[in-house]
Q: 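Here it is, the structure, as structure tokens.
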Amino acid sequence: MATIFSPPLALSTATATTTTTTTPPINKPHLPIRSTTTKLQLPNLTTTAITIAAATIIATSTIPPSLAAESYATYYGTAASAANYGGYGGNSDKKASAEYIYDIPEGWKERLVSKVEKGTNGTDSEFYNPKKKTEKEYLTFLGGLRQLAPKEAVLNNLALSDVNLQDLISSADSVTSEETKDEKGQVYYVYEIDGANAHSLISVTCARNKLYAHFVMAPAAEWKKDQETLKHIHDSFKTVQF
């Protein structure tokens with residue numbers, strides 16, 4: 001009888017051995033979990049990078065538009081008479097023969113001045129913002145003047161040939177003027193006209209027996225938005241001295 005039951009005991013032992021042998025694989029599935037746990041730290045690095053990038057984007061997007069970099073081109077004006085008028089860009093040697101310069105904001109367009117305008121009110125050049133066409137800068141000149149008259153007289157004389165300037169002065173809330181000198185001692189009159197509907201900066205000087213007047217004009221609402229750019233182009237005007 002003992003011999004008959006010996007095989008089942010052996011099988012029982014074998015079964016126990018098999019169970020013992022397959023025990024280690026039960027623990028193996030836990031290894032990838034530990035590895036996954038380690039990999040979960042990598043997204044933390046990515047999250048940090050994303051956070052830094054997002055902070056950079058937010059910081060950039062919150063920079064006021066007025067502080068954004070503005071590109072400018074330099075305009076070289078010749079103040080040629082109506083008889084010698086050739087149009088902007090028509091003279092390849094224009095830079096060499098320039099009598100004055102000023103900056104033009106990127107994207108601004110030129111309005112070609114007719115011979116009639118040049119002959120009647122002395123307008124030599126004009127540029128405007130195509131998105132806001134009443135935002136512009138232009139220059140007029142008058143020959144036969146060696147020096148500036150008193151500030152009040154100069155402004156009044158400019159208004160005689162410029163209807164828009166007349167209207168701006170007559171409706172202005174304030175008109176200020178000052179006298180400045182550049183590094184070479186050349187005298188400039190600077191006028192600022194502030195009205196309910198428009199704002200203007202004007203710079204006037206004499207050189208080469210000519211009077212040059214550079215105008216920057218904008219509606220009051222646009223002036224508040226773009227005054228940094230408008231002041232820049234106003235300050236950029238100067239005559240070229242040899």
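Only heavy atoms go into these numbers, but all of them, side chains included; no hydrogens, no water, no symmetry mates. Quick caveat: nothing in here was measured; it's all calculated off a predicted structure.
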Q: Show the nearest heavy-atom pair for residues Lys210 and Phe141, with the distance to one decimal.
A: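 The answer is CD-CD1, 4.1 Å.
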Q: Are Leu155 and Leu201 connected in the hydrophobic side-chain network, where two residues link if heavy atoms are under 4.5 Å apart?
A: no
Q: Under the rule for salt bridge (Lys or Arg N to Asp or Glu O under 4.0 Å), what residues qualify as partners of Asp162, not counting sequence neighbours?
A: none
Q: Assess whether side-chain hydrogen bond (donor to acceptor under 3.5 Å, both in side chains) is satisfied between Thr205 and Tyr100, documenting all intermediate values.
A: CA-CA 11 Å; Thr205 191; Tyr100 67 87; over 6 Å; no
Q: State, with a plain yes or no, whether a side-chain heavy atom of Glu110 is found less than 4.5 Å away from one of Ser125.
A: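 Counting from C-beta outward, Glu110 and Ser125 never come under 4.5 Å.
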Q: Any side-chain heavy-atom pair from Glu137 and Phe237 closer than 4.5 angstrom?
A: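 No, too far: nothing below the 4.5 Å cut-off.
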Q: Applying a strict under-4.5 Å side-chain criterion to I, L, V, M, F, W and Y, I'd like to know whether Tyr212 and Val187 cluster together.
A: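 Shared cluster, no.
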Q: Please check: side-chain N/O of Asp124 versus main-chain N/O of Ala79, any donor-acceptor pairing under 3.5 Å?
A: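 Answer holds: yes.
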Q: For a side-chain hydrogen bond (donor to acceptor under 3.5 Å, both in side chains) check, start with the C-alpha distance between Lys94 and Tyr75, then their side-chain angles and the critical distance, and finish with the verdict.
A: CA-CA 10 Å; Lys94 195 167 187 177; Tyr75 177 79; 3.2 Å; yes
Q: Tell me, yes or no, whether the heavy-atom count around Glu106 atom CD, taken from other residues, nucleotides or ligands under 6.0 Å, exceeds 12.
A: no
Q: Quick one: are Thr74 and Asp103 in side-chain contact, heavy atoms under 4.5 Å?
A: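 In short, these two side chains touch, coming nearer than 4.5 Å.
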Q: What are the two closest non-hydrogen atoms of Ala207 and Gln186, and how far apart are they?
A: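 Closest pair (atom of Ala207, atom of Gln186, distance): CB-NE2, 3.9 Å.
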Q: Below 4.5 Å, heavy atoms only, C-beta onward: do Ile202 and Tyr189 meet side chain to side chain?
A: no
Q: Does a side-chain heavy-atom distance below 4.5 Å link Tyr72 with Ser236?
A: no
Q: Evaluate the side-chain proximity of Glu99 to Thr78: yes if any heavy-atom separation is below 4.5 Å, no if none is.
A: no
Q: Does Tyr188 share a hydrophobic cluster with Ile233, counting links as ILVMFWY side-chain heavy atoms below 4.5 Å and allowing steps through other members?
A: yes
Q: Measure the spacing between CG of Asn164 and CD of Gln166 and express it to the nearest 0.5 Å.
A: 9.0 Å
Q: Grouping I, L, V, M, F, W and Y whenever their side-chain heavy atoms are under 4.5 Å apart, do Val175 and Val190 come out in a common cluster?
A: no
Q: Taking all non-hydrogen atoms of both residues, which atom of Lys224 and which atom of Gln227 are closest, and how far apart?
A: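 Closest heavy-atom pair between Lys224 and Gln227: O-NE2, 3.9 Å.
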Q: Between Met217 and Leu168, which heavy-atom pair has the shortest distance, and what is it?
A: CE-CD2, 3.4 Å
Q: Might you point out which heavy atoms bring Ala98 and Val240 nearest each other, and give the distance in Å?
A: O-CB, 3.6 Å
Q: Is it the case that the side chain of Ser200 and the backbone of Val216 share a donor-acceptor pair, with hydrogens and angles ignored and the cut-off at 3.5 Å?
A: yes
Q: Where does the angle between the aromatic ring planes of Phe215 and Tyr138 fall among parallel (under 30°), tilted (30 to 60°) and perpendicular (over 60°)?
A: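 Because their plane-to-plane angle is under 30°, the rings of Phe215 and Tyr138 count as parallel.
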Q: What's the separation between atom CG in Leu148 and atom CG in Leu211, rounded to the nearest 0.5 Å?
A: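 Taking CG in Leu148 and CG in Leu211, the distance rounds to 6.0 Å.
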Q: So with a 6.0 Å cut-off around CD of Gln147, is the heavy-atom count from everything else above 12?
A: no
Q: Between Leu142 and Tyr191, is there a shared hydrophobic cluster once you connect ILVMFWY residues whose side-chain heavy atoms come closer than 4.5 Å?
A: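 In one cluster with Leu142: Tyr191, yes.
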Q: Does Arg111 come within less than 4.0 Å of Glu117, counting only side-chain N to carboxylate O?
A: yes
Q: Which pair of heavy atoms, one from Ala196 and one from Ala220, lies closest together, and at what distance?
A: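 The pair with the smallest heavy-atom distance is O-CB, 3.5 Å.
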Q: Applying salt bridge (Lys or Arg N to Asp or Glu O under 4.0 Å), name anything that partners Glu192, two or more places apart in sequence or on another chain.
A: none
Q: Do the non-hydrogen side-chain atoms of Asp182 and Lys238 ever get within less than 4.5 Å of each other?
A: no
Q: With sequence neighbours excluded, tell me which residues meet salt bridge (Lys or Arg N to Asp or Glu O under 4.0 Å) with Lys132.
A: Glu222, Asp226
Q: Take atom CG in Asn197; do more than 12 heavy atoms of anything else shown fall under 6.0 Å from it?
A: no
Q: Roughly how far, to the nearest 0.5 Å, is CG of Asn156 from CG of Leu160?
A: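 It comes to 7.0 Å.
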Q: To the nearest 0.5 Å, what is the distance between OH (Tyr128) and CD1 (Ile104)?
A: 12.5 Å
Q: To the nearest 0.5 Å, what is the distance between NZ (Lys151) and CD (Glu179)?
A: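 Here the rounded value is 6.0 Å.
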Q: In terms of relative ring orientation, are His199 and Trp223 parallel, tilted or perpendicular, with 30° and 60° separating the classes?
A: parallel
